[in-house]
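All heavy atoms count here, side chains included; hydrogens, waters and symmetry mates do not. Position 1 is the first residue of the sequence; numbering continues from there. Each ligand, and each atom within it, is numbered from 1 in the order the structure gives.
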Amino acid sequence: MVLSNSYTELGGAFYQSIPPEPVKEPKLFLWNSTLAETLQLERILPSDGSSRAQIFSGNRLLPGAEPIALAYAGHQFGHFVPQLGDGRAHLLGELTDRYGDLKEIQLKGSGPTPYSRNGDGRYALGPAIREFIMGEALHAMGIPTTRSLAVITTGETVYRETPNQGAVLTRVASSHLRVGSFEYFAALKNRQALQQLSDFAIGRHYPELQNEGEGRFALLLEQVIERQVELVVEWLRVGFIHGVMNTDNTTISGETIDYGPCAMMGVYSPDTVFSSIDRAGRYAFGNQPAIAQWNMARFAETLLPLIHADEKQAIEIASRKLEAFGDLFNDRYQRMMARKIGITEAEPSDVKLSSELLQCLQRKRLDYTESFDRLTRSLTSPDLAEQLSRELGDWYSQWQARLSAEAAFQQAQQIMRQMNPLVIPRNQQMEQVIGISTQQGDASAAEQFLEVLRSPYALTDKTAPYQQTTADADQGYQTFCGT
Ligand code: AMP
Ligand code: MG
């Protein structure tokens, strides 16, 4: 058996059994060989592309696969929807990777399920390429994320605003549990299912809580809050805008999931938003911490009946955990920002130093990634230091003074190099790569982009063209949810 599926042991209330709907003409488009190695799949799978295309389109199932669509609910843009569920995805099962970790294998775009509502159950090639590339880019930057093993074109047309080539993406995640999974059973007032789900989540992601008795549910909340704080801080570090932080897209594992309308911030501005449907800027770059906290409040509500039999006491315990979000976030965020400018032992006054830098970047409409890269390089380049000191004025000399108090410039530079990517999946480049790949039916542009993005902290001979940007590069740029 290649796969087993422990989710099915939870019982029929948690999912619907449904096979993927076969596709006409599956062809391997993108393959993640490093991930396949990690999953110990390379030696099990047939080596030819056409067999792999059959398997990862859903036309042929891996031994042990038990395809299911998971039930979940979710708050979408603040509004509760009691039933969402996998409308175009099939969880096939899980396997143990080379490091001993369980990884779930899910097909996305593999046909309709009982949760499809009016959707066609399919995925278009362009968004599938974007999900593949974005996941790999974040992973390479050291950010927790689901990843993609394969993109298979289906030979079928998927209709959105325009006709598109269809694709099936294989998603790999430590689990597909979301806040919305808990909300589904909370709305049904099914305490027993909530407890089962919580224990499943604890077993999978927080096994150390298994010995905590009745206290384990409050601790689960605490742990998930901590992971979400860490995740959002990581997004802020690199300028990632998720774009659709609904509770059904908020994992219990703390991995980034669902790369629909996501984008990267170019010019620094906390109100940056690219998603065409996010008119109020709910999911703007700088709003992400507040939204993560809001999502954690929704999670806390689902756990109340498990946290304490007495509702008042349950609310008190959960509120205390939620209130800790703010301090925890501030602490992690300030430490991260300090490290971005080469300071390991952050002092209270460093908050002012980093926030003044951000204000300066915003005022001067400077690119976030490029600016931190230039600051990093300036520590060993007198020319660049002079340039930056002209551009950033007093701030630059204050920073230099702070650094010489902290440590040698070279040491600071090393830290900054680990914190500040040289290259990110810039919006315009992403669009270009997707355009070329879909039009030519050939993944080489995507493969080249991936090669560069997989080395975000080290300059290679291929990096430079992908670093270029202009202040108006993102002018009018929009991303779309209907993928
Ligand atoms: P998302 O915005 O991608 O997180 O999806 C929200 C919900 O819509 C989930 O329940 C998805 O399964 C469902 N969904 C999105 N696109 C489709 C589609 N093409 N067909 C069926 N269901 C879909
Ligand atoms: Mg989703």
- Task: Take the angle between the ring planes of F240 and H242 and call it parallel below 30°, perpendicular above 60°, tilted in between.
- Result: perpendicular

Within 4.0 Å of some non-hydrogen atom of R122, the atoms of ligand 1 are 19 (N)

Numbered in order shown, the ligand 1 atoms found under 4.0 Å of a heavy atom of R160 are 19 (N)

Only residue of N164, V23, T157 satisfying side chain to side chain contact (heavy atoms under 4.5 Å, CB included) with R122 is V23

Honestly, for V244 the part within reach of ligand 1 (heavy atoms, under 4.0 Å) is neither

Would you call the rings of F14 and F185 parallel, tilted or perpendicular if under 30° counts as parallel and over 60° as perpendicular?
tilted

Cation-pi check, R298 to W294: give yes when NZ or CZ is under 6.0 Å from the six-membered ring centre and within 45° of the ring axis, no otherwise. yes

The answer for which part of Y72 has a heavy atom under 4.0 Å from ligand 1 is side chain

Honestly, for Q83 the part within reach of ligand 1 (heavy atoms, under 4.0 Å) is neither

min-distance protein heavy atom vs atom 14 (N) of ligand 1 -> R88 NE, 4.1 Å

**Message:** Looking at ligand 1, is there an atom of it that comes within less than 4.0 Å of some heavy atom belonging to G260?
**Reply:** no

Could you check whether the rings of F285 and Y368 sit parallel, tilted or perpendicular, using 30° and 60° as the cut-offs? perpendicular

Within the 6.0 Å centroid threshold, strictly below: Y184 and Y72
no

So the atoms of ligand 1 within less than 4.0 Å of a heavy atom of G121 turn out to be 18 (C), 19 (N), 20 (N), 21 (C)

Exercise. For the residue pair D48 and S51, confirm or rule out a side-chain donor-acceptor distance under 3.5 Å.
Key: yes

Specify whether the nearest protein heavy atom to atom 16 (N) of ligand 1 is under 4.0 angstrom away. yes

| request: Would you kindly say whether S6 and E94 are connected by a side-chain donor-acceptor distance under 3.5 Å? | output: yes

protein heavy-atom neighbour closest to atom 21 (C) of ligand 1 works out as G87 O, 3.1 Å

re atom 19 (N) of ligand 1, the protein heavy-atom contact at minimum distance is D120 OD1, 2.9 Å

Contact region, N249 to ligand 1, non-hydrogen atoms below 4.0 Å, reads side chain

- N/O/S of D258 less than 2.8 Å from the Mg ion (ligand 2)? yes

Only one of R237, K340, M419 passes side chain to side chain contact (heavy atoms under 4.5 Å, CB included) with F372, and that residue is K340

In L220, I225, I307, L303, the residue satisfying side chain to side chain contact (heavy atoms under 4.5 Å, CB included) with K321 is I225

min-distance protein heavy atom vs atom 3 (O) of ligand 1 -> D258 OD1, 3.5 Å

Metal proximity, N246 vs the Mg ion (ligand 2), N/O/S cut-off 2.8 Å: no

Atom 6 (C) of ligand 1: closest protein heavy atom, distance to 0.1 Å, is Q76 NE2, 3.7 Å

Under 4.0 Å from one or more heavy atoms of L84, ligand 1 contributes atoms 10 (O)

Smallest heavy-atom separation, P421 atom then V238 atom, equals CG-CG1, 4.0 Å

of all protein heavy atoms, closest to atom 7 (C) of ligand 1 is R117 NH2, 3.3 Å

among protein heavy atoms, the one nearest atom 10 (O) of ligand 1 is G85 O, 2.6 Å

Atom 5 (O) of ligand 1 sits nearest the protein heavy atom D248 OD2, 4.7 Å

Quiz item: Can you find a side-chain donor-acceptor pair between T113 and Q16 that sits under 3.5 Å?
Solution: no

